[in-house]
Each structure stands twice: as structure tokens, then as C-alpha cells.
2 protein chains.
Amino acid sequence: MAKAVSEKTLSRRVQIVSVATRLFHEKGYNATSMRHLAEQLGMEAASLYNHISGKDALLEQICFDMATHYNAHMEEVETATCTAIERVEKLVRFHIGMMLTHFEEVYVTNRDWKHLKEPLLANFLQQRKAYEKRFSKLVEQAVLAHEIQAVHPHAAVLTILSAVRGIEFWQRNPRNISAEQLEEDMVKILLKGLRK
Amino acid sequence: MAKAVSEKTLSRRVQIVSVATRLFHEKGYNATSMRHLAEQLGMEAASLYNHISGKDALLEQICFDMATHYNAHMEEVETATCTAIERVEKLVRFHIGMMLTHFEEVYVTNRDWKHLKEPLLANFLQQRKAYEKRFSKLVEQAVLAHEIQAVHPHAAVLTILSAVRGIEFWQRNPRNISAEQLEEDMVKILLKGLRK
DNA sequence: ATATTTTACTAACAAGCGTTAGTTTTGCTA
DNA sequence: TAGCAAAACTAACGCTTGTTAGTAAAATAT
């Protein structure tokens, strides 16, 4: 049965991408070798090429999976029936949630997208830019609705997106604060900072 | 005259570190080769070793220069005579200023410190941790003085430090907003977010 | 059970890496 | 101008990199 084979191939591929994500996070894309990756999977480096086309494909998979995930959620938020500032809060909480539940993928994407090869690099950057634009639009609507103070929408988006990235510091020693409190404090600071 | 010679050597060394900083920022530490670095300086790779002990030393110089710079400023803020929240604002503005005026060094340090070799890596992490602790202490004092709302100090520091890192996105296309407005908006959001 | 496809293996490649040794050129000092 | 130290060069080293070719083992389908 062709489907069963493809399923198994897929699951092996997924497994490889998963371990690669962990290693990329630990050492970075360039410092992770195919031999080390293979070792972690209990196989030889050459065997990897039965499942993936090359090292590039691993990074590509990680980065574009993230991009797709982000875009899908943006779609959802844009069509939700709620106030503008609630939309912004939804996005803030989504990004915090992603940092907590998909930490390694997010981290790798944030740091190693630079190593994507053209034309994928251009594609990725364009998607990122478009995403930030849609985010800015929502902030702008909240400003126009007088729900938040008059800040430049793009500045607000930069502040939010990067503040959330800070969870990576927290991930390093998570004993000080619980994930829940961190999320609440962060939302408190960012949302109160924006509100009128 | 021995001193003139040493001065010239030093300036050449500084020049090498400067170009290395740019390349590390563009491509990352591991993806930057000594041959490429040498090429950018109009020399052969082997000649670099008349001025530096190795590739490690370049990253070391960048990261620990930054650490020293940060610690010195922290000292200054701690001994300043002003309210607790003003101290926090000073720190926020300092970090924003560093991102604007020493962008590449800050960027490289933030991203590539992981590639420091032991025992320098441990040293660096310890310094970073200590810095965050001092920062947290100042936030805590502002909380105790009822100058800002009751957030966990460490959460606030994470939010601030990483929000400021977001300027790296802005650096990519700085045409949308001016540096001054970005700084003001960011301070506005973060400080208002903290205040009671 | 046999045939076929999938997945692992060994071996090797060309290229690039950081670095060293030894030598020549450069530029300053006496 | 001779001597000397600094800084450049060429050549090469041992090692690692991503990847390919060819082959054996394992799993699946007929």
C-alpha cells in the first residue's frame, strides 16, 4: 500500500526535522553538522539523504512552517468579532504562547532565517514584512478607535514582537517565575503601556 | 620609538575587530571565515595572526567589550541621585541608545555569545546574570517605592531588555520611523506600562 | 516465498576551515 | 645607510564539512 509507505517516510522525516530543530537551537544552523544530526538519530549522515534533499531543506521546513502557522493565526484574528484592542491582545498572547509551546522552532526561525538560500530568503522576508504590516494595521485601527494611545503602529509592533522574544531568556532558567505569571506580567506591561 | 609601533599595531588590531564585527553581524560567527575577513581587509588570512591570536579572540573582544561597557553604565546609574523609576528610565534609554549607536556589536553579542569557548562562556554568562540581577533590583526598588505597579521585577527586566532588542528589526528598514520617535514611543509604552 | 521498494550502510569526493612554519617585504631607528 | 622589528606573503598541514555513488539489509507487496 503506497500510502502506508509514504506515512512512514513522512514520520521519519518529521523525526529528523524535530531533532534538527533541537540541534539548531542548541548550536545554531552552521555549527550543526549532518554527522552530528545523524548520530543523534542513530544513523549515518549519508542515510539522511534518503529522507531529505539536503541541510537547506531542514531550515526551510522549520522557517516556512512557522510562517504558515503565523499567517493562519493572523487570518483568524482579523476575522474575529471583537474590538481592535482585543485583537491586539489576542496577538500578544498568541506570540507568548508560541514562545512557550513551540520554543525551539520559534527560536531557530528568529535567529537562523538569515541562512536561508535565495530565492527562499527573499520569500521569507517578504512574508515577514507582510505579517508585520497586517499587525501594524490592527494597531492602527486601535489607535483610530481611540482604544490605545497615539504611538506609531510600527514602533508598537516592534516593541511587542521583541518583548515577547525575551521569553527566550526566561527559558534559560525558568525557576524564578512561572510561565503563567510571566505571560500575565508581560501582557500587563505591554497592554497597559499601549492603552489610553 | 616603541610606543609608536605599539600604537600602530593596536590600530590595525582595532581595525580588524571592527571589520570582523561587521561580518559577524552580516553572516554570523560560524559563517564568517578568516579568509573572507582577510579579503575585506586587503590581506591574506595568515597575516591576521600577526595581530590576533585566533578567531576566538575576535568574538571574545566584542562580547567582553560590551559587557564592560554595560557594567560601567550600571555603576553610573546605581550611584546617580534620582528616584527609582528615573533609574529604570535611564537604563531603558541607555539600552535603546546602544542599539542605535553600537548596533553591530550589540547584535553580535546578543546572538553569538553562545560560540564563546569555555571558560569564557561561563564568565560571560555569569556577568550577564549579575547584570540582570542588578537591573531587577532597581525595578524592585521602584515597586517598593510604589512608583510602578506590582509586576515581578525579573519579568519586567526581560520585557524591557528584549523589547529594546527589537530595534534590530527597525535597523533593517529605518525609513518608516525616525530613531528619535522610535525611542520615544518605546519608552512611552514600556514606562507607561510599568507605572502605577 | 518471491519480487520490489525503501532505507540503511561504507567509502570517498571536492571544498573549505582555522592555523602554523618559514620567508620576504616594509618601514622605522640609530 | 645598515640593522632590526613589524607585518605582509606563500605554502601547506590536518581536519571537518555537505554530499554522492554504489551496495547490502530490511520491510513491504504480490
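The side chain of B/Asn50 lies closest to D/dA7, out of D/dA7, C/dC9, D/dG18. Across C/dA21, D/dT17, C/dA8, the shortest atom-to-atom separation from the side chain of A/Ser33 is found for D/dT17. Minimum atom distance to the side chain of B/Ala46 is reached by D/dT10, of the listed C/dC9, D/dT10, C/dA12.
Under 4.0 angstrom from either OP1 or OP2 of C/dC17 there lies no side-chain N or O belonging to B/His36. The shortest distance between the side-chain N/O atoms of A/Ser47 and the OP1/OP2 oxygens of C/dC9 is below 4.0 Å. Neither OP1 nor OP2 of C/dT6 sits under 4.0 Å from any side-chain N or O of A/Arg12. In this structure, A/Arg35 does not reach the D/dT19 phosphate: none of its side-chain N or O atoms is under 4.0 Å from OP1 or OP2.
At whole-Å resolution of the value, CE in A/Met43 and C1' in C/dC9 are 10 Å apart. Remark: P of C/dG18 and NE2 of B/His115 are 13 Å apart, rounded to the nearest angstrom. Remark: P of D/dT19 and NZ of A/Lys55 are 8 Å apart, rounded to the nearest angstrom. Atom-to-atom, CD of B/Glu44 to P of D/dA7 comes out at 17 Å; the value is rounded to the nearest Å. In this structure, CG of A/Leu59 is placed 15 Å from C1' of D/dG18, rounded to the nearest angstrom. Taking atom NE2 on B/His51 and atom P on C/dT19, their separation rounds to 15 Å, with Å as the unit. Regarding A/Glu39, its CD atom lies at a distance of 13 Å from the P atom of D/dT16, rounded to whole Å. As rounded to whole Å, 10 Å separates atom P of D/dT20 from atom CE of A/Met34.
If you check every strand for non-hydrogen atoms under 4.0 Å, B/Thr32 touches sugar and phosphate atoms only.
Contact record, B/Pro153 with B/Ser136: CB-O, 3.6 Å, taken as the closest heavy-atom pair.
Following chains of ILVMFWY side-chain contacts shorter than 4.5 Å, one cannot reach A/Met98 starting from A/Val108, and the two form parts of different hydrophobic clusters.
Classification of the A/Trp113-A/Phe124 ring pair by plane angle, with boundaries at 30° and 60°, yields parallel.
In summary, the aromatic rings of A/Phe94 and A/Tyr70 are positioned with their centroids under 6.0 Å apart.
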Before you tell me yes or no, could you show the steps for B/Glu75 and B/Asn71 under side chain to side chain donor-acceptor pair (under 3.5 Å), namely the whole-Å CA-CA distance, both residues' side-chain angles and the distance that decides it to 0.1 Å? CA-CA 6 Å; B/Glu75 199 78 27; B/Asn71 287 329; over 6 Å; no
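For the pair A/Ala45 and B/Gly54, both in contact range of DNA chain C, the more 5′-proximal nearest nucleotide belongs to A/Ala45. Projected onto DNA chain D by closest heavy-atom contact, A/Tyr49 and B/Gly42 fall at different nucleotides, the more 5' of which corresponds to B/Gly42.
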